[in-house]
Structure formats: structure tokens, C-alpha cells
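Note sheet for the following structure.
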Amino acid sequence: MPIFINKENNQFHLTNKTVSYIFHVMKNGELGQLYYGKKLNHRPDFSHFAAYHIPTAASCHGEKTDPAFSLETICQEYPVYGTSDFREPAISLRHPNGSSVGKFEYEGFEVIDGKERIPGLPSTFANAGEASTLIIVFFDKLRDLKLKLFYTIFENTACITRHASLENEGEHPVDIERMMSVSLDLSDHDFTMVHLAGAWSRERHVKERKLQTGIQSISSIRGASSHHHNPFMALRRPHTTEMSGEAYSFHFVYSGNFLAQAEVDHYDAVRIQMGIHPFQFNWRLDQGEAFHTPEVVMTYSDQGLNGLTQSTHTLFREHLISPVWQKRERPVLINNWEATYFDFNAEKIVAIAKQAKELGVELFVLDDGWFGKRNDDTSSLGDWLVDKNKLPDGIDALSQSVRNAGLKFGLWFEPEMISEKSDLFSKHPDWVIHDPERPISYGRNQWVLDYTREEVVDYMFERISSIIESAKLSYIKWDMNRNITEAYSAVLGQDRQGELFHRYILGVYDLYERLTSKYPDVLFESCAGGGGRFDAGMLYYAPQAWASDDTDAVERLKIQYGSSFVYPIYSIGSHVSDIPNHQTLRRTSLKARADTAYFGTFGYELDPNKMSEEEKTEVKNQIETYKTHRSLIKTGDFYRLISPFASNETAWMVVSKDQTEAFAGWYQVLAAPSPKKINVLKLAGLDAFSTYHVNGSDQAYGGDELMQRGLPLPVEYNGVNKNQAERGGDFQSNVFHLTKKGD
Ligand code: DGJ
């Protein structure tokens, strides 16, 4: 059991093969943080790690004899607002008398073998023997409030998860104004913050900034985790690289408003917090009720950013993604969106499906436009009944034809939205999130359904279930194209509007939960105008996410590189689309597009009937290549090798756990004449004492050689100027399959 407890001085040491996390109960009854980092051997007493020696403006309340015992300088686990700590608290409550002064004192602890679910929320899971959970219990005697902090440490990965709950055992309601999932004080701030930022079509670009005194944060108040900031933050030491050095990361298992911040104080310590954004948040907790924060995953690595990534990928693959989909291969799919947009009929769709089948595709996905009277994006969201003008025989018959052609059938929904021009809006104008005294903003000509209302969730559950069953769906693309404005719900009442954003996402989770538990064999892909809600909360229900509406291979290098920091590459929806690319008008080769898309869940988003015979043969080979490697892509360790944010090249690779095979991708965006004489790609993660063959050639390379000296890259010259040292054009790429000699 990786949790050591010293009952005499109330010390707790969570540890596994790689990390140690140590804290203790302080003399004021709150928790002090003692150490978080590389594994330490367990010792009976770590109390000498606690250091509080700087006299400050205010000592801890009630503490007369020890003026240096001030919460302002102490590293804490879950700081409570109201006493001698002037940094931002983890929790701040408003009591019936208007006061927000709080005081929670240690009551005891409990240890669970494995991990329990968080009611109503997505979270990581673990069976007995795979993880241990420590629950620390505190009580506010004046207000009869019970606070619990949950810590889970996993056996097989350097991750610790945390969340908190509050139970009202008193007679009066209390308002939760701020309740973070994690607060962590580290004693120095010599870190660079790494995060993922972007916009529609440019999601999850890697950004860095050195921590400075004051608060630096990323957040979303849009009602979704957003295109703009991913709920992820890492702190790396100044010299940490992808391959070496110390780093910490924090991932939020949540899809709504969030705040992630690092507060560097005047003593150069840093407080990291992550949780539901307190802006527009107020939760009324009545007598007998409990509130649970979503979960945060904390990861530590002393092997660089790739180390962080590999631990997080392991956790998400084995303890977050649904067990059904952990094991199954994901089908190679074709989606008709960029091939037809809204302009299709049954003949067109079946023709695409039939051709796709010949190329090796396994699943056909019918995107937007099959329901209501939806010929553009101005109508019909909410009317989830087939458009008989486009598909006179109905969706069930279309599904049958596609399945007769030998493909599985999947469908697009946008369950959280409603169009003004829809039967649903005529019947239920009150189902729209809006302030009844003000006009509603439009976003893509649509409005947001009020998912705080149970009847809305019930309606959507009925509609989607009925279509899953009648059309025998194997897959659903769950899109969400608009953020919440005029945030007001008619059913919540005056005192509870601060609950809207969280209740909204709980409603979304409820629908996901009901659908995925009733139809575990249906594969869900989450989507939000591309990657506007690609987060660990969604991943719990939908094992893959459409990473971006930008399918241009060059843009995708950055998007997929950034996404890989957090999400297993087998969850990153990546398709080969037509050229000129619809987002950038760029022309890249079919090869470059596939070489990029292989490192994700692979598919196509084009009309294969418009391809030449030569292109069809190439696509056939691409699909075969993906099918050959998809099991490795699903389970292997991912290494980022060269960053597209730092150079004209990008490279990455996946190595099987037993190091017997690997699959690497190398990309060069712009060609340049007179290239380096020897261009090599330094690989990683191989067995230094074995030799490998590359792409089936007879030449054997030592694993050490491939990692230290590098794999020679083929240089392609253009045909015109063969004798001149000119590169063969922009957007070059190569993939390499390495097999260990003798295997
Ligand atoms: C946005 C998605 O990201 C696209 O892939 C497509 O499904 C459209 N919505 C359809 O409206």
C-alpha cells in the first residue's frame, strides 16, 4: 500500500516507484505541505521539512506564543480564507451572517484500496490493488461543515489525483464562492509555466512564460474548457527539456469554466491552484447536501516533459478512457463534412461509402445536415428527425445501405444546441439559456439549450437513443459550436444563478453517462467547433476528440504536437483532407497529410470518388500502414523529438513498451537549398543494446547509435535540378518503422 501514515505526528506520505507527496497536520489543525517531487525513501518522521521562521504581519489566529507561525509563509495543502494567509485561498464560503471567515480542523483520515467515483462527474478510476486513496476529514465546528480532501496515488504511473468535497451538516445554508480542486504550495518559484493556448482552427499551441511575482493564470469563462486555453498547466525547471529535468503538470478532469493559476508571493514561493473558475460561481449548499469539486491530475517527472506526457498518457489510457475502448482498435473513418458540407443526398453518400470501403475504410460518418430542414447553419438544431427531402427513405435506410456496403455507420449530433428556426424552439422557447429581459446573442445562428433542466436532458436522451437503435449507429460525433452568453436559467431562481455554468456541464455529463452506459459499444467522438472542448472530462466519455477544424498538415503539426502534451495520441482525431486545404488554401502532398494524420485516430475527410487511380492506390497503402501500426500507436510511449514551435522541422515517435518496435514521423515545412550534408534524426526510447532495422531494410542500426548519432534522413531532390543541392519542395515528410533485430 503506497500510503505511509505516522499517526503520532499525523504525517502522510503517498509514494510509489517514482514520486513522493508528503504533508502533515499542523498545530492549528490544518494541513501543511512538506514535500512533492522525486521519490524519497520513507522515514518515520519528516517534520523537519516544515519551515516557518519569517515573522509576519499576522500570526495564525489564536496563536499568541509563536508569532512566526503564520499561514502567510507556510506551505499549505488547502488554504482556507479568513486568517493570516493573504494569498488566494482554496476555499471561500459565505456564511448566513455574511462572514466568510472559515476554520476547518483535522478530524481524521480514511484509506481506501482503489478509488471511488465522484458523484455526477467524470474521473479517473482504479480497482483495488491499482491505486490507494487517502481521505483527510476536517470539520468547522462553528458552522457544522465537513470538508474532505481526497488523494489517490496510482501503482503504475507517476500521477496523483486530488479533489475535495464539502458537506453541510448544519441547519443553515452556506454559499460556496470558491472551491478549488487543488492547491499546492511549492517553496520556490524557479519555474517556467507551460500551457496550451489558441483559437478556433489553431488550438493547443505550446506557450511558455517564466513565473514572475504575482498571479499568472489561464482560464475559461465560456461554459466550455475552450479553444483558447486548455485546462492544463505544467511547470518546468529552467533547464528542463523534452528529454530531461524536473517538471510538474496539472490536468483538470472537467469541461466547463476553469481557472489554473500560479501565484508567486513576496517570499518567492509559488501557490498553484486549479479548479472551477470562481467568476460567476456561487453554489448554495443546503442542510444535508454535499458538493464535490471535479478532479485534478498532478504528475511529476524528473525525465523532462516527455516523462510527464508518458505518465499522463498511461493514466488516461488505463484509468480514464472507458475500459471497453481501452482495448478496441479505433476504426479508420471517412467523414463527409468537407466532401459535401450540407449538399448531399443518399446517392452521394452511398457512393462515397462504397469507394471508401474499397480503399480499406471501416466506418462512414454522416456529418451535419441530415435532420430537420438543415441546408445551411441557420436552422433545425434540436429537430433530430431525418430530413426526408435529402434522405427520402430515412436515416435507417441510409445506414442499412452503408452497412450493406461493408462499413459501420456513424452520425453527427449537436445535442446542446437549438436553432431559432426549429420546431423545438416553437414548442419550448423557455429551454434556451437567456436573460428574459434582454436580447440573446447569436453564435453560428444558434442558441444554447438549458442543460440545467432535467427535461432537456431527458428529451435529448430519448431522441439520440431512438436513433442509435433504429439506425444501428456504431459511432456518434457530438459537436458543440457555441459558448454560453446571457447566462441565465429560468428554472434556477434568483439565488442560484451562480450555479448555472456548473449545473450546465453536469447536465451534459448526465446525458453522456446515460448514453454511454446504455450503449457501451457506440464510439463517441467529442467535438466543439474542432477542438474547443478537448479535455480530460470529455475523454472519460468520448475516447477520441476531433482535434481541430484545421486539417492542413502544416497547421496540424503544431496542433497535434501541443495536444500530445496531455492527450494520448490515440485520442486525437486526425484526418487527411482535400487540397487546397479548406482552412489555409495550402497544398501539401497526400503523403505529408497522411504522415501527419497517422499519429492520431486516423481518417479521411474528402470525396474519394474525386481521386485519381494513382491517389486511390496511395490511400489504400496509407490505410494499410495505419492498420499495421495502430496497436502500437494506441499503447506505445510517445516522444516529442523536434518542436514545430522552435524550428522548420517537427519529429515525434511511438515506442512499444517492450522496445521491440517503434514508429517515427519527421516533417520539414519549407524546403531550403544546400541542406546539411548529413541530416539525422535523433530518436529516443529505444533499447541501447539492441539493433534495429528501419522500414524493412537490411541495414541494422544500434539503438544507442539511433539515439546518440541519429537516423540518417533521406534527402529528396527535385527532379529538375538533380545535380544541384536543392530540396525537393516544401512540406516533406517521412515515417519510419523500426523493428528490433531478431524480433
Ligand atoms: C464543426 C465541426 O468541428 C466540423 O467538423 C463539422 O462537424 C461542423 N461543425 C458541422 O457543422
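Start at 1 and go down the list; that is how both ligands and their atoms are numbered.
Nearest protein heavy-atom contact of atom 4 (C) of ligand 1 is D549 OD1, 3.4 Å. Counting protein heavy atoms only, atom 6 (C) of ligand 1 is closest to D367 OD1, 3.4 Å. Looking from atom 9 (N) of ligand 1 to the surrounding protein, the closest heavy atom is D479 OD2, 2.7 Å.
In this structure, R444 pairs ionically with D368, as a charged nitrogen and a carboxylate oxygen lie closer than 4.0 Å. Between E362 and R630 a salt bridge is recorded (basic side-chain N to carboxylate O distance below 4.0 Å). At a threshold of 4.0 Å, the pair K348-D607 does not count as salt-bridged, since none of the basic side-chain nitrogens sits closer than that to a carboxylate oxygen. Remark: R330 does not engage E525 in a salt bridge, criterion side-chain N to carboxylate O under 4.0 Å. With respect to R503 and D450, no salt bridge is recorded, no charged nitrogen being found less than 4.0 Å from a carboxylate O. Between E618 and K591 there is no salt bridge, since none of the side-chain N atoms of the basic residue sits less than 4.0 Å from a carboxylate O of the acidic one. Ion pairing between R374 and D387 fails under the 4.0 Å rule for side-chain N and carboxylate O. Checked for salt-bridge contact, D430 and R453 meet the test: a charged N lies under 4.0 Å from a carboxylate O.
Atom numbering of ligand 1 starts at 1 in the shown order; those under 4.0 Å from a heavy atom of G529 are 1 (C), 3 (O). Against a heavy-atom cut-off of under 4.0 Å, W546 is close to the following atoms of ligand 1: 3 (O), 5 (O). Close approach of ligand 1 to D368 is summarised as follows: ligand atoms under 4.0 Å from at least one heavy atom of the residue are 10 (C), 11 (O). Which parts of ligand 1 touch C527 is read off a 4.0 Å heavy-atom cut-off, strictly below it: atoms 2 (C), 3 (O).
Residue contacts with ligand 1 include K477, since one of its heavy atoms falls under 4.0 Å from the ligand. Under a 4.0 Å heavy-atom criterion, R444 is in contact with ligand 1.
Considering backbone and side-chain atoms alike, W412 places an N or O below 3.5 Å from some N or O of ligand 1.
With a 4.0 Å heavy-atom cut-off, ligand 1 is reached by the side chain of N481 but not by its N, CA, C or O.
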